[in-house]
Amino acid sequence: QGLALRAKSGVGETAPLILFVGSGYERKGLATLLSALARMERRDARLWVVGRDRHELLLRKLAQTLDVDQRVLFLGAQADVKPFYGAADVFALPTLYDPFPNAALEALACGLPIVTTTGCGAAELVTADNGRVIAAGDVDAIAASLDALCGRAPAMRDAARASVAHLDL
């Protein structure tokens with residue numbers, strides 16, 4: 001289902017796909033993530049944004065200003081996010097503050113290595129084996145972390161799943 005979703009959206013099997021899930025784009029760091037996408041070495045990386053925010057038009061304009069709009073797909077709110085986790089390679093949540101986001105837990109459970117910040121409660125589950133934790137707002141660190149994880153994502157899937165295996169609903 002993930003490969004079909006990628007193909008339908010024009011993302012090839014080999015292009016790294018970064019997933020952002022959440023609403024409240026300012027607090028969850030979407031502007032920072034867009035800036036990081038522009039600074040990544042991997043120019044083939046794509047970003048899917050799942051969620052809704054009243055300032056989405058401003059973020060779309062920022063993507064244009066940063067010249068990454070052709071690599072970003074704003075998908076809106078989705079009733080079922082599972083196929084998007086299944087299509088992605090890496091999960092990014094560069095949040096300023098989030099006590100313990102379900103999206104980060106879901107991403108790990110789906111085998112996605114994550115990039116998040118010290119302001120995210122889920123950071124306590126992140127190790128060098130399943131992701132990276134950086135300072136909120138550090139665009140260069142986010143870009144470097146995404147580049148690193150895009151290259152290692154398949155090898156990190158089992159560790160990502162194992163990191164949340166002890167949790168239940």
Hey, does the side chain of [X] reach the backbone of [Y] with a donor-acceptor pair shorter than 3.5 angstrom?
{"X": "Thr117", "Y": "Thr95", "result": "yes"}
{"X": "Asn130", "Y": "Leu125", "result": "yes"}
{"X": "Asp129", "Y": "Ala159", "result": "no"}
{"X": "Thr116", "Y": "Ala123", "result": "no"}

Item to complete: Starting from the C-alpha separation in whole Å, work towards a yes-or-no answer on salt bridge (charged side-chain N to carboxylate O under 4.0 Å, His left out) for Glu56 and Arg52.
Response: CA-CA 7 Å; Glu56 182 174 312; Arg52 183 168 287 143; over 6 Å; no
Item to complete: Given side-chain contact (heavy atoms from CB on, under 4.5 Å), test Arg132 with Ile114 step by step and report yes or no.
Response: CA-CA 6 Å; Arg132 300 285 184 277; Ile114 70 171; over 6 Å; no
Worksheet item: Asp69: what forms a side-chain hydrogen bond (donor to acceptor under 3.5 Å, both in side chains) with it, not counting sequence neighbours?
Response: none
Would you say the side chain of [Y] lies within less than 4.5 Å of the side chain of [X], judging by non-hydrogen atoms?
{"X": "Lys28", "Y": "Phe20", "value": "yes"}
{"X": "Leu146", "Y": "Leu37", "value": "no"}
{"X": "Leu66", "Y": "Ser35", "value": "yes"}
{"X": "Arg71", "Y": "Arg43", "value": "yes"}
{"X": "Leu33", "Y": "Leu30", "value": "yes"}
{"X": "Leu105", "Y": "Phe100", "value": "yes"}

Worksheet entry | side-chain contact (heavy atoms from CB on, under 4.5 Å) assessment of Leu34 paired with Leu47 | CA-CA 8 Å; Leu34 291 170; Leu47 172 63; 3.8 Å; yes
Worksheet item: Do the ring planes of Tyr25 and Phe74 sit parallel (below 30°), tilted (30 to 60°) or perpendicular (above 60°)?
Response: tilted
Worksheet item: Should the pair Phe84 and Trp48 be assigned to parallel (<30°), tilted (30 to 60°) or perpendicular (>60°) ring geometry?
Response: perpendicular
Item to complete: Enter the distance from Thr32:OG1 to Glu26:CD here, rounded to the nearest 0.5 Å.
Response: 9.5 Å
Practice prompt. Indicate the atoms forming the closest heavy-atom contact of Ala136 with Thr118, along with that distance.
Written response: N-OG1, 4.4 Å
Worksheet item: Looking at Cys150 and Met40, what are the two nearest heavy atoms and their distance?
Response: SG-CE, 4.1 Å
Item to complete: Report the C-alpha separation of Met156 and Leu149 in whole Å, then their side-chain angles, then the decisive distance to 0.1 Å, and conclude whether the side-chain contact (heavy atoms from CB on, under 4.5 Å) test is met.
Response: CA-CA 8 Å; Met156 300 176 89; Leu149 295 187; 3.4 Å; yes
Worksheet entry | Residue pair Asp89, Arg6: steps toward the salt bridge (charged side-chain N to carboxylate O under 4.0 Å, His left out) verdict | CA-CA 11 Å; Asp89 297 300; Arg6 287 172 74 111; 3.1 Å; yes
